[in-house]
Amino acid sequence: VEPILILLFQSKRTLFLPNALAREEVPTGYGTTFQRKGRIVFRALKSLPLILPAINPLRDFSLAWLMWSHKLLRWASSFLVAGLLLGLLLFLPSSINLHYFLALSAITLLCLLIFKWEPPIIGLMAHFVVTLAALCWAFSALLRGLDARSWQPSTKN
């Protein structure tokens, strides 16, 4: 369970310190991002039975609101987006939609392959897709009964 959740379970409050600093190594590449996000969500899903009291709005409404809006819905987003994409694919056979889809695909490929340029929106979409894929991996790992691996801090200073 995340340390902040332990504090919230004990009805303690957190304090915002404007001068506090935290440093974290930025992942390089989508593979590293996938592994990091998958590991974080998988460990959180493994601790889900421990946080069941926190999602009960009758116990503590504000804590339940935070858990549902910031954790559970985010974890379910991969399934929500998959449903949305499936719904969009059902409407794709329309000739106008198909032309827009093909034009967007051609422009994207042109930018990526010929100009070796990644427009910011493509990078954002790629990060989003990697995050959704990591969520799906975490759910499948949970269903397969895998053990949560321990995180090793970076040795870089």
Side-chain angles (χ1 to χ4, degrees), residues 1-90 92 104-105 108-109 111-113 116-157:
V1 178
E2 296 175 32
I4 190 72
L5 291 179
I6 294 170
L7 293 174
L8 291 172
F9 288 157
Q10 296 172 354
S11 298
K12 295 187 178 176
R13 301 206 179 264
T14 58
L15 181 64
F16 174 71
L17 297 173
N19 295 332
L21 293 175
R23 295 185 188 200
E24 186 174 346
E25 202 172 310
V26 177
T28 57
Y30 295 120
T32 307
T33 300
F34 175 85
Q35 290 175 343
R36 182 179 149 272
K37 288 186 177 287
R39 181 184 66 245
I40 290 168
V41 173
F42 179 62
R43 290 188 69 201
L45 289 173
K46 290 286 278 189
S47 67
L48 195 57
L50 301 173
I51 64 168
L52 284 177
I55 64 174
N56 181 359
L58 299 176
R59 183 175 180 263
D60 184 344
F61 182 79
S62 61
L63 179 57
W65 170 256
L66 288 172
M67 293 301 296
W68 281 97
S69 64
H70 289 78
K71 296 279 183 202
L72 298 175
L73 288 176
R74 185 173 37 168
W75 294 340
S77 64
S78 57
F79 301 107
L80 298 172
V81 169
L84 175 67
L85 290 176
L86 183 62
L88 289 173
L89 287 176
L90 293 175
L92 193 59
L104 180 61
S105 299
T108 302
L109 284 175
C111 289
L112 293 174
L113 298 176
K116 295 182 181 178
W117 175 63
E118 184 178 287
I121 190 70
I122 301 297
L124 183 62
M125 290 184 328
H127 183 80
F128 184 69
V129 169
V130 166
T131 299
L132 293 179
L135 287 167
C136 289
W137 175 87
F139 274 104
S140 71
L142 182 70
L143 293 175
R144 289 180 287 150
L146 296 180
D147 287 331
R149 288 176 276 165
S150 178
W151 172 72
Q152 296 296 323
S154 173
T155 56
K156 297 178 183 177
N157 288 330

[X]: what forms a side chain to side chain contact (heavy atoms under 4.5 Å, CB included) with it, not counting sequence neighbours?
{"X": "Phe139", "result": "Leu45, Trp75, Phe79"}
{"X": "Ala64", "result": "Pro57, Trp68"}
{"X": "Leu21", "result": "Arg23"}
{"X": "Arg144", "result": "Trp137, Ser140, Ala141, Leu146"}

To the nearest 0.5 Å, what is the distance between [atom1] ([X]) and [atom2] ([Y])?
{"X": "Met67", "Y": "Leu52", "atom1": "CE", "atom2": "CG", "answer": "9.5 Å"}
{"X": "Leu66", "Y": "Asp60", "atom1": "CG", "atom2": "CG", "answer": "8.5 Å"}
{"X": "Leu73", "Y": "Leu80", "atom1": "CG", "atom2": "CG", "answer": "7.5 Å"}

Less than 4.5 Å apart, any side-chain heavy atom of Thr131 and any of Val129?
no

For residues Leu135 and Lys37, determine if any side-chain heavy atom of one lies less than 4.5 Å from a side-chain heavy atom of the other.
no

Please identify each residue that fulfils side chain to side chain donor-acceptor pair (under 3.5 Å) with Ser69, with sequence neighbours left out.
none

For Gly38 and Ala138, which heavy atoms make the closest approach, and how far apart are they?
O-CB, 3.8 Å

List in chain and number order the residues that pass salt bridge (charged side-chain N to carboxylate O under 4.0 Å, His left out) with Arg74, two or more places apart in sequence or in another chain; answer none if no residue qualifies.
none

